[in-house]
Amino acid sequence: MKKFFLLLTLPFLMMGCNGEDDPEPPVVIPSAPITIFAYLVADNNLDDDLMSNIGAMYDGMTTMDKQATLLVYWDGKSKIQDVSNPMLLRYQADGKGNINGLLPIDTNAPLDDVLEVAEVVKEYPEQMSTDAKVMTQVLKDMVNMTTTEKIGLVVGSHASSWLNTIFTSRAFGQDGSGTDNTMLIPDMANALKSTGKTFDFILFDACYMGTTEVAYMFREVANYQLASVMEVPAYGFPYEDFMKDLYTGTVEGYKAACQSYIEYYQSLYQNGSYAWATVTLTDSKEMANLTTELKKEITAHKDVLADYDSSSLQEYGKNSGPYIAVDLGHLVEDLNGGTLPASFKTQLDKTVLYKGCLEKASPSNYAVKAANYSGLGIYVPVEERPKWNQYFKTLDWYTASGWNEVTFSWDF
C-alpha cells in the first residue's frame with residue numbers, strides 16, 4: 001500500500017509546487033549518456049550478496065541529477081516479487097532522487113522494499129544463464145529496451161579468469177549446484193559480440209578477471225574494462241558510491257568508480273574488518289598493442305621462460321587458486337634484470353588507465369605491494385597445472401602473446 005500511495009501522490013505533490021497564477025517553467029532533466037545493464041548469475045552461494053548489490057545500485061541511482069535507466073537480469077535462488085524464475089528488472093531514475101516514479105526509500109529500509117520498487121519487464125522460463133545463447137538473448141532483450149547509444153555492462157557471479165577449471169569447473173558464473181553449469185570466457189566474449197553492440201564498459205564483479213588473458217578476449221566487445229586481478233570480496237563493488245560516476249559514460253567517471261572501490265575497502269580495513277582489494281581500468285583498444293609488446297618480451301626470453309621460477313614475483317590468487325596469475329609488469333621487469341623496458345612501460349601506461357590496491361589488508365596475506373602492481377596479472381605456465389596448460393594452448397592468447405614459441409623443459 002505504501003508504494004501505491006506514493007505513486008499516486010507524487011504527481012500531485014509536484015503539481016502543488018506551481019500555482020496557476022504563477023507558473024514556473026518545467027525543469028528539464030537531461031538523460032544520462034549511458035544505460036547500464038547488470039547480468040547477475042546468483043543461483044549459488046553469492047545469492048544474498050548479489051541481491052544486496054541491486055539495493056546498492058538503487059541507492060546509487062537516487063543520487064543522480066540526470067534521468068538514468070538500469071536493467072538487471074536476475075537468476076538467483078531468492079525470489080523477487082514472489083517470482084522464482086529468471087527475470088528482467090528495470091529501475092528508472094528521474095534525476096531528482098525518485099525511482100520508478102516513487103520517492104526514494106530510506107537506506108535503512110529492508111531490501112525487499114527496494115526489490116518491490118523494481119518493474120519486472122520480462123520473466124523467463126527456467127534457463128541456464130551460463131549458456132552463451134541464453135546470455136546473448138537476454139542482452140539482446142535489454143538492448144531492445146534501450147534508447148541510449150552507449151551501454152555499460154556489469155556482470156556478477158563467481159569467476160576464475162580464463163581458466164576452465166578451478167575448485168570445480170569454473171570460468172564465469174555458476175547456475176545451480178552443478179559444477180559444469182559455468183561459462184568459458186571465450187564463449188562469454190562471443191555472447192557479447194553476438195548482440196551486435198560494443199559495450200562502452202564491462203565491470204567484472206567477479207574474481208580474477210583483471211588479467212591480460214581476459215582483457216585480450218574482451219578487447220573487441222567493450223571499450224573499457226574494470227576488474228580485479230584478485231579475489232573480489234563477497235560484497236563486491238560499492239555501487240551506492242559510484243553509480244553516478246558510471247552514468248557519466250566517461251573515462252574519468254570510470255576512474256572515479258575504481259577509486260571508490262579502493263577507498264571503500266581501505267575504510268573497512270581501517271575499521272578492523274576483513275578487507276582487501278585490487279582494481280584496474282584498461283583501455284581495450286590498446287590491448288592488441290600491449291600484447292604485441294609482451295610477445296617481444298616472451299620470445300626474446302623464451303630460453304629463460306622454458307624453466308622459469310616465478311616464485312619471487314607478486315602473485316595473485318595464491319590464497320585460494322595458486323598459480324592463477326603473477327603481476328605482468330613485475331614479470332617483464334624480472335626478465336630484464338629489474339628494469340621495465342621503456343617501450344613496454346609506455347604501452348602499459350596507455351593500456352592501464354587506473355590501478356589501485358590495498359598494501360595493508362586483512363587477512364594480511366592478501367596485501368599487495370604497490371611498487372610491484374602494474375594493474376594486470378598474467379599466467380606463467382607451470383608444470384603443476386597440466387589441465388590448465390592443455391586448455392591454455394587452445395586460446396588465441398597462447399599464440400598472440402608468444403607463449404607458443406617457448407619450449408618448456410617439462411612436458412607442456
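Ser362 places no side-chain N or O within donor-acceptor distance of the main-chain N or O of Ala275, the cut-off being under 3.5 Å. Under a 3.5 Å cut-off, the side chain of Lys150 and the backbone N or O of Gly249 do form a donor-acceptor pair. Of the possible polar contacts, one joining the Thr146 side chain to the Met142 backbone as a donor-acceptor pair under 3.5 Å is found. Side chain of Lys255 to backbone of Leu281: no donor-acceptor contact under 3.5 angstrom is found. Without hydrogens or angle criteria, Thr195 side chain to Lys197 main chain gives a donor-acceptor distance under 3.5 Å. Judged purely by atom type and a 3.5 angstrom limit, Asn144 uses its side chain to pair as donor or acceptor with the backbone of Lys140. In this structure a side-chain-to-backbone donor-acceptor pair under 3.5 Å is missing from His330 to Asn372. The backbone N or O of Val41 lies less than 3.5 Å from a partner atom in the side chain of Asn44, making a donor-acceptor pair. Checked by atom type and distance alone, the side chain of Asn336 never pairs as donor or acceptor with a backbone atom of Leu340 at under 3.5 Å. Between the side chain of His301 and the main chain of Leu335, a donor-acceptor pair closer than 3.5 Å is present.
Counting only N and O atoms by type, the side chains of Ser273 and Asn271 include no donor and acceptor under 3.5 Å apart. Side-chain atoms of Asp200 and Asn223 form a donor-acceptor pair, as typed in the model, at a separation below 3.5 Å. Side chains of Asp75 and Ser129: a donor on one and an acceptor on the other come within 3.5 Å. Donor-acceptor pairing under 3.5 Å is lacking for the side chains of Ser284 and Glu220. Side-chain contact, Thr69 with Thr35: no donor N or O sits under 3.5 Å from an acceptor N or O. No hydrogens or angles considered: a donor-acceptor pair under 3.5 Å links the side chains of Glu213 and Thr211. No side-chain N or O of Gln127 forms a donor-acceptor pair with one of Asp131 less than 3.5 Å apart.
In this structure, CE in Met135 is found 14.5 Å from CE in Met128, a value given to the nearest 0.5 Å. Separating the CD atom in Glu119 from the CG atom in Leu89 is a distance of 9.5 Å, to the nearest 0.5 Å. Expressed to the nearest 0.5 Å, how far OG1 of Thr130 lies from OH of Tyr39 amounts to 7.5 Å. Taken from CG in Leu103 to NZ in Lys96, the straight-line distance is 11.5 Å, to the nearest 0.5 Å. In this structure, the separation between CH2 on Trp74 and CE on Met87 is 9.0 Å, given to the nearest 0.5 Å. Taken from CG in Asp47 to OG in Ser157, the straight-line distance is 10.5 Å, to the nearest 0.5 Å.
Under the 6.0 Å cut-off for aromatic ring centres, Tyr224 and Phe199 do not qualify, their centroids lying 6.0 Å or more apart. Residues Tyr58 and Tyr239 place their aromatic rings such that the two centres sit no closer than 6.0 Å. Between Trp397 and Tyr216, the distance from one ring center to the other falls under 6.0 angstrom. Here Tyr265 and Tyr261 bring their ring centres to under 6.0 angstrom of each other.
For Tyr323, the OH atom counts as loosely surrounded, since its 6.0 Å shell holds 12 or fewer non-hydrogen atoms of other residues, nucleotides or ligands.
Between Phe392 and Tyr379, the ring planes lie perpendicular to each other; the angle is over 60°, past the 30° to 60° tilted range. Ring pair Tyr391/Trp162 is parallel by interplanar angle, where below 30° counts as parallel and above 60° as perpendicular.
Of all the heavy atoms in Ala159 and Met209, the pair that sits closest is CB-SD, 3.7 Å. The nearest pair of heavy atoms linking Gly253 to Thr248 is CA-OG1, 3.4 Å. In this structure, Pro125 and Pro86 approach most closely via the heavy-atom pair O-CD, 3.8 Å. Closest non-hydrogen pair, Asn98 versus Pro104, comes out as OD1-CD, 3.6 Å. Annotation for Met183 and Ala171: closest pair O-CB, 2.9 Å, computed over non-hydrogen atoms. Leu50 approaches Leu40 most closely through the heavy-atom pair O-CD1, 3.9 Å.
Each ring pair (Phe, Tyr, Trp, His ring centres under 6.0 Å) pair with one or both residues in residues 112-147, not counting sequence neighbours, appears once here: Tyr73-Tyr124.
No side-chain heavy atom of Leu153 sits under 4.5 Å from any side-chain heavy atom of Ile36. Considering only heavy atoms from C-beta on, Glu359 stays 4.5 Å or farther from Val368 through its side chain. Taking the side chain as every heavy atom from C-beta outward, Val138 and Lys122 never approach each other to under 4.5 Å. Side-chain contact check for Glu333 versus Pro341: every heavy-atom pair is 4.5 Å or farther apart. For the pair Ser374 and Val352, the minimum side-chain heavy-atom distance is 4.5 Å or more. Residues Gln259 and Tyr354 have side chains in contact (heavy-atom distance under 4.5 Å, counting atoms from C-beta outward). Residues Asp65 and Tyr247 fail the side-chain proximity criterion, which asks for heavy atoms closer than 4.5 Å. Taking 4.5 Å as the limit, every side-chain heavy atom of Trp388 sits out of range of all side-chain heavy atoms of Val382.
Taking a cutoff of 4.0 Å between a charged side-chain nitrogen and a carboxylate oxygen, Asp283 and Lys285 qualify as a salt bridge.
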Derivation and outcome, side chain to side chain contact (heavy atoms under 4.5 Å, CB included), residues His158 and Leu46: CA-CA 8 Å; His158 286 297; Leu46 293 178; 3.7 Å; yes
Verdict with supporting geometry, Lys393 and Phe412, side chain to side chain contact (heavy atoms under 4.5 Å, CB included): CA-CA 9 Å; Lys393 290 193 288 187; Phe412 191 93; 2.9 Å; yes
ring-ring contact (aromatic ring centres under 6.0 Å, His included) between Tyr274 and Tyr269, intermediate numbers included: CA-CA 6 Å; Tyr274 287 111; Tyr269 173 78; over 10 Å; no
Evaluation steps, side chain to side chain contact (heavy atoms under 4.5 Å, CB included), between Leu268 and Tyr264: CA-CA 6 Å; Leu268 285 184; Tyr264 177 81; 3.6 Å; yes
CA sep, side-chain torsions, deciding dist, call: Thr212, Ser401, side chain to side chain contact (heavy atoms under 4.5 Å, CB included): CA-CA 10 Å; Thr212 53; Ser401 58; over 6 Å; no
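Residues satisfying the side chain to side chain contact (heavy atoms under 4.5 Å, CB included) criterion with Glu293, sequence neighbours excluded, are Lys296, Ser343, Phe344, Gln347.
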